[in-house]
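Each remark here refers to the structure printed beneath this line.
Computation of the quantities below employed the complete heavy-atom set of this structure, encompassing side-chain atoms and omitting hydrogens, waters and symmetry-equivalent molecules. Every chain is numbered from 1, with letters handed out A, B, ... down the list of sequences.
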Amino acid sequence: MTAFRADAVPEWNGDTAAARDLQLRLAAEVVLEDRLPSPLRTVAGLDAGFEDGGAITRAAVVLLDADTLLPLESHIARVPTRMPYIPGLLSFRELPALIEAMSKMSRTPDLVFLDGQGIAHPRRLGVAAHFGVASGLPAIGVAKTVLTGEYDEPGPQRGDASPLRDRGEDIGMAVRSRPRCRPLIVSPGHRVSISTAVELTLRCVTRYRLPEPTRLVDRLASRRDERPARRGR
DNA sequence: GCGACAG
DNA sequence: ATCTTGTCGC
């Protein structure tokens, strides 16, 4: 199975200053050049949701055929939630569960899509970049809203995009995946360039705003199906 | 000090 | 993210 760098995913001890410091060091290891398998054979979607009022983090992973976009296998992992949501430190909260879900895979994906930012982050280490450096796998962050940076409204056509800039740097792109839909915020996680991240994301979009990998995995991680049935009042 | 703030 | 029904609009 995929091996993860233990030093990149520390136990949460409440030290936010130390967490931010680690982000700065890991961000320096992010590779923004295209270093991914070609041709791409499989892509995965990885995401986390919560149960029991947030006490349990439920992570899910879905592996899809890169050409047909049909799911090949999927897994779910449940782990006790160890830390609260703190803007900018999302990855420290979700990575333990995400790694647990990844450990159940029968094979390693060529590329992983995550729900959230890649380098489009205050310290350039959103959850997709953190996951990428911790796993060594190519990764892309696809977020539904911005965390950091500004962009001009992209054109109305599918594929129209405009750069996301922050402090004079290009950190991602606002991409129109579907007409009349709010743009997706796409940024490199690891081993992929900004342009390729956009290209691959669009390649995975079918008839919905979200690309298939994150759309499918979101249903497994957050949808209310196989969750403890509620009592009717 | 004030406002912003992925999921 | 999650709590939650229906409703308006393409």
Side-chain angles (χ1 to χ4, degrees), chain A residues 12 16 19-20 23 26-27 30 45-61 76-99 101 112-133 139-151 156-158 164-167 171-190 197 201 207-211 213-233:
Chain A
W12 177 245
T16 57
R20 294 195 180 91
Q23 290 183 316
L26 295 178
V30 170
L46 185 60
D47 187 27
F50 298 86
E51 300 178 358
D52 192 33
I56 298 297
T57 299
R58 177 170 70 171
V61 59
I76 289 179
R78 277 172 241 261
V79 307
T81 302
R82 307 165 181 183
M83 83 173 263
Y85 167 64
I86 300 174
L89 298 183
L90 174 70
S91 60
F92 290 89
R93 170 173 159 90
E94 302 189 339
L95 276 180
L98 297 179
I99 288 173
V112 181
F113 283 89
L114 289 97
D115 206 319
Q117 318 296 341
I119 61 169
H121 175 281
R123 290 166 293 285
R124 309 297 183 253
L125 197 84
V127 65
H130 196 159
F131 172 83
V133 171
I140 292 174
V142 178
K144 293 181 284 297
T145 62
V146 171
L147 171 61
T148 302
E150 312 173 329
Y151 65 88
Q157 305 302 311
R158 173 208 155 97
L164 175 65
R165 310 199 86 239
D166 183 47
R167 287 177 282 153
I171 58 176
M173 295 281 270
V175 183
R176 190 80 66 189
S177 57
R178 298 286 298 172
R180 288 196 204 74
C181 279
R182 285 177 296 113
L184 296 176
I185 305 304
V186 179
S187 63
H190 189 49
T201 296
R207 62 197 323 191
Y208 305 91
R209 179 165 84 121
L210 298 179
T214 56
R215 187 181 76 82
L216 294 178
V217 78
D218 177 72
R219 296 194 330 188
L220 288 177
S222 306
R223 267 12 176 185
R224 62 183 187 186
D225 42 24
E226 66 167 86
R227 274 203 280 180
R230 297 166 13 208
R231 282 280 19 174
R233 154 35 304 290

Report the distance from atom [atom1] of [X] to atom [atom2] of [N], rounded to the nearest whole Å.
{"X": "A:L125", "N": "B:dG7", "atom1": "CG", "atom2": "C1'", "value": "15 Å"}
{"X": "A:Y151", "N": "B:dA6", "atom1": "OH", "atom2": "P", "value": "13 Å"}
{"X": "A:I86", "N": "B:dA4", "atom1": "CD1", "atom2": "C1'", "value": "16 Å"}
{"X": "A:E150", "N": "B:dG3", "atom1": "CD", "atom2": "C1'", "value": "14 Å"}
{"X": "A:L164", "N": "B:dA6", "atom1": "CG", "atom2": "P", "value": "13 Å"}
{"X": "A:Q117", "N": "B:dA4", "atom1": "CD", "atom2": "C1'", "value": "14 Å"}
{"X": "A:F50", "N": "B:dG7", "atom1": "CZ", "atom2": "P", "value": "12 Å"}
{"X": "A:I171", "N": "B:dA6", "atom1": "CD1", "atom2": "P", "value": "13 Å"}

Please confirm whether the shortest side-chain N or O distance from [X] to OP1 or OP2 of [N] is below 4.0 Å.
{"X": "A:K144", "N": "B:dA6", "value": "no"}
{"X": "A:T148", "N": "B:dA6", "value": "no"}
{"X": "A:S222", "N": "C:dT2", "value": "yes"}

Check: [Y] main-chain N/O paired with [X] side-chain donor or acceptor under 3.5 Å:
{"X": "A:H190", "Y": "A:A128", "answer": "no"}
{"X": "A:Q23", "Y": "A:G88", "answer": "yes"}
{"X": "A:R176", "Y": "A:C181", "answer": "yes"}
{"X": "A:R167", "Y": "A:P122", "answer": "yes"}
{"X": "A:S91", "Y": "A:V127", "answer": "no"}
{"X": "A:R209", "Y": "A:P183", "answer": "yes"}

Task: Beyond-backbone contact of A:R20 with A:L89, side-chain heavy atoms, under 4.5 angstrom - done: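 A:R20 vs A:L89: side chains touch.
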Open item on the list: What I'd like to find out is whether the side chain of A:K144 reaches to under 4.5 Å of the side chain of A:L210, using heavy atoms alone.
Closed with: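 In contact.
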TODO: Please indicate yes or no: is the ring centre of A:Y85 less than 5.5 Å from the centre of the six-membered base ring of C:dA1, with the two planes inclined by under 30 degrees?
DONE: no
What nucleic acid atoms does [X] come within less than 4.0 Å of, heavy atoms only: base, sugar-phosphate, or nothing?
{"X": "A:L89", "value": "base"}
{"X": "A:V127", "value": "base"}
{"X": "A:G88", "value": "base"}

Measure all distances between protein nitrogen or oxygen atoms and nitrogen or oxygen atoms of nucleotides 6-10 of chain C, and list the pairs falling under 3.5 Å.
| residue | atom | partner | partner atom | Å |
| --- | --- | --- | --- | --- |
| C:dC10 | O3' | A:R180 | NH2 | 3.2 |

TODO: Describe, in one word, how the ring planes of A:F92 and A:H130 are oriented to each other, choosing from parallel (under 30°), tilted (30 to 60°) and perpendicular (over 60°).
DONE: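 It falls in the perpendicular class, over 60°.
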TODO: For DNA chain C, produce a single dot-bracket line, 5' to 3'. Pairs: Watson-Crick or G-U wobble, both distances under 3.5 Å. Symbols: ( ) within strand, [ ] crossing, | other strand, . unpaired.
DONE: ..........
Open item on the list: Run the side-chain contact (heavy atoms from CB on, under 4.5 Å) test on A:R215 and A:F113 for me, step by step, so that the C-alpha distance in whole Å, both residues' side-chain angles and the decisive distance to 0.1 Å come before the verdict.
Closed with: CA-CA 10 Å; A:R215 187 181 76 82; A:F113 283 89; over 6 Å; no
